[in-house]
Amino acid sequence: MAMSGEDRRRGRKGEDNGSLGLSRARSRLLQDLACEEGTPIFVIDHEKIRQNYREFRALLPSVQVYYAVKANSDPGIVRTLFELGCSFDVASLPEFRIVYENIRDMPDKERQDWIWDKIIYANTIKPIETLEILDCYKPLVTFDNAEELKKIRAHAPNAGLVLRLRVPNTGSMVELSSKFGADPGEAVDLIAEAFDRGLVVEGLSFHVGSQCTNFENYFQALQLAANIIDETLTRTGKEIKILDIGGGFPVKYHPRVKSLRTLTRKLDAEIKRLFPPDMQILAEPGRYLVANSCTLVAKIIGKAFRDGKPSYYINDGIYHTFSGQIFDHCNYPVMAFAEGEKQVSAVFGPTCDAFDTITLSALLPDLEIGDLVYAENIGAYSIASSTYFNGFPPAKVVHINR
Ligand SMILES: *Cc1c(COP(=O)(O)O)cnc(C)c1O
């Protein structure tokens, strides 16, 4: 594969993450927290989450926001978003419980009535045991195949259904269409079958793939959904009233990613063009609400000179907060608080596994054992997939709430 000019520059100089650096106050705060709490710490900035939520709502005012809990299931995040009026997308019974238990005692209307206005169970594949436990809550659940319909009929007959469509995921950082979604050609058959079985299909959903940078995916998906809603009405006489446009809203990890505003302007126009005004539109942003709200602070626990460059061993790595580098195909540049002339350096995690390599090309000043490093924009699909491998626990979560 040919190297782009940028790759070449990176190869020579190491990674330049484009960050403007931390403010002095922010740098002080993170280092003080590391001093008080020990390391590694995963710092969640709740004001950032509030800003993200408000920005999303302002850009798509007619869309009800269901935060996708799998991006980061920290209970504090759930509470902060609930206070702002957010709803939740859960994909497992434990995620359901994290949401339910954290919003249960918060002031609002009677929970039994509104719980499914606040939660959608958006995993199309559900264990029978889970269906049985959820049935009493009259859950809103997604499905994408006939076997799942039979299961829902038998074990959660009180559920409301949302059919997940398979839509193009081209150009998204994480694709989902190989695992989920009914082919548009069989969608109306599945909807008709659900009604025949005495179930109620209330909506359609799709997911264009996570960190979607090809906005055409959304517009094609909307058109597919509109066609299926029309055909459903013609064939079964049933009206679909919910459209769930999923997640995928991209984060500006990199300046080249187009801003959300570019997407939402057209999205809003297309929704108005294709659907009646009383259609309930939901979205399930995960990454967008949390990615830039979290910072990891870790400590250098070892230093060596390997393969011609300084190599630092830190107390967090690929099996922990940096797991997103594998599962999420994301990159979190490692930065130093200390200043000094930068050189290309390797950074490794703490486990006894060479796979635990965070980067071979960080640009870092000369650092010593005991110095602190940090990684920004590490809030989504990071600590959520952290393990206890080799006995090293996940980073300690610290909340900033100002
Ligand atoms: C993962 C997921 C989301 C969140 O996706 P993001 O790209 O993080 O916004 C939303 N809905 C479903 C069904 C998901 O699986």
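No experiment lies behind these values; they were computed from the predicted model shown. Residue numbers count from 1 along this sequence. Order of appearance sets the numbers: ligands from 1, and atoms from 1 within every ligand.
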Novice: Which of the atoms in ligand 1, numbered in the order shown and given with their element, are less than 4.0 Å from a heavy-atom of Gly247?
Specialist: 5 (O), 9 (O), 10 (C)
Novice: Counting only heavy atoms not in Lys303, do more than 12 fall under 6.0 Å of its NZ?
Specialist: yes
Novice: Would Ser87 and Gln64 count as having a side-chain donor-acceptor pair, cut-off 3.5 Å?
Specialist: yes
Novice: Relative to the heavy atoms of Gly286, which atoms of ligand 1 are at a distance of less than 4.0 Å?
Specialist: 4 (C), 6 (P), 8 (O), 9 (O)
Novice: In terms of residue, atom name and distance, what is the protein heavy atom nearest to atom 5 (O) of ligand 1?
Specialist: His207 NE2, 3.0 Å
Novice: Return the residue, atom name and 0.1 Å-rounded distance of the protein heavy atom closest to atom 15 (O) of ligand 1.
Specialist: Lys70 NZ, 2.8 Å
Novice: Can you establish whether the number of heavy atoms outside Arg235 located under 6.0 Å from its atom CZ is more than 12?
Specialist: yes
Novice: Under 6.0 Å between the ring centres of Phe96 and Tyr137?
Specialist: yes
Novice: Taking the side chain as every heavy atom from C-beta outward, state whether Tyr53 and Cys86 have any atom pair closer than 4.5 Å.
Specialist: yes
Novice: Can you check whether Arg164 has an N/O within less than 3.5 Å of an N/O in ligand 1?
Specialist: no
Novice: Quick one: does Gly248 get a heavy atom under 4.0 Å from ligand 1?
Specialist: yes
Novice: Would a 4.5 Å heavy-atom cut-off, applied to side chains only, mark Leu204 and Ile242 as touching?
Specialist: no
Novice: Answer with side chain, backbone, both or neither: which part of Tyr381 has a heavy atom less than 4.0 angstrom from an atom of ligand 1?
Specialist: side chain
Novice: Please indicate whether any nitrogen or oxygen in Gly209 is less than 3.5 Å from any nitrogen or oxygen in ligand 1.
Specialist: no
Novice: Within the 4.0 Å heavy-atom shell around Pro285, which atoms of ligand 1 are there?
Specialist: 9 (O)
Novice: Nearest protein heavy atom to atom 10 (C) of ligand 1, by residue and atom, and its distance?
Specialist: Glu284 O, 3.2 Å
Novice: Considering the heavy atoms of Arg287, write down every atom of ligand 1 situated less than 4.0 Å from one of them.
Specialist: 6 (P), 8 (O), 9 (O)
Novice: For Ala68 and ligand 1, does the shortest N/O to N/O distance drop below 3.5 Å?
Specialist: no
Novice: Nearest protein heavy-atom contact for atom 7 (O) of ligand 1: which residue, which atom, what distance?
Specialist: Ser210 OG, 2.4 Å
Novice: Working note: Tyr312 + Phe348, criterion ring pair (Phe, Tyr, Trp, His ring centres under 6.0 Å); need CA distance, chi angles, decisive distance, verdict.
Specialist: CA-CA 6 Å; Tyr312 300 106; Phe348 297 110; 9.8 Å; no
Novice: Using the rule given for salt bridge (charged side-chain N to carboxylate O under 4.0 Å, His left out), can you reason through Asp366 versus Lys342, listing the C-alpha separation, both sets of side-chain angles and the distance that settles it, and then say yes or no?
Specialist: CA-CA 7 Å; Asp366 188 36; Lys342 292 184 176 155; over 6 Å; no
Novice: Of the side chain and backbone of Asp89, name the one, both, or neither that has a heavy atom under 4.0 Å from an atom of ligand 1.
Specialist: side chain
Novice: Does Lys258 make a cation-pi contact with Phe215, if we ask for NZ or CZ under 6.0 Å from the ring centre and within 45° of the axis?
Specialist: yes
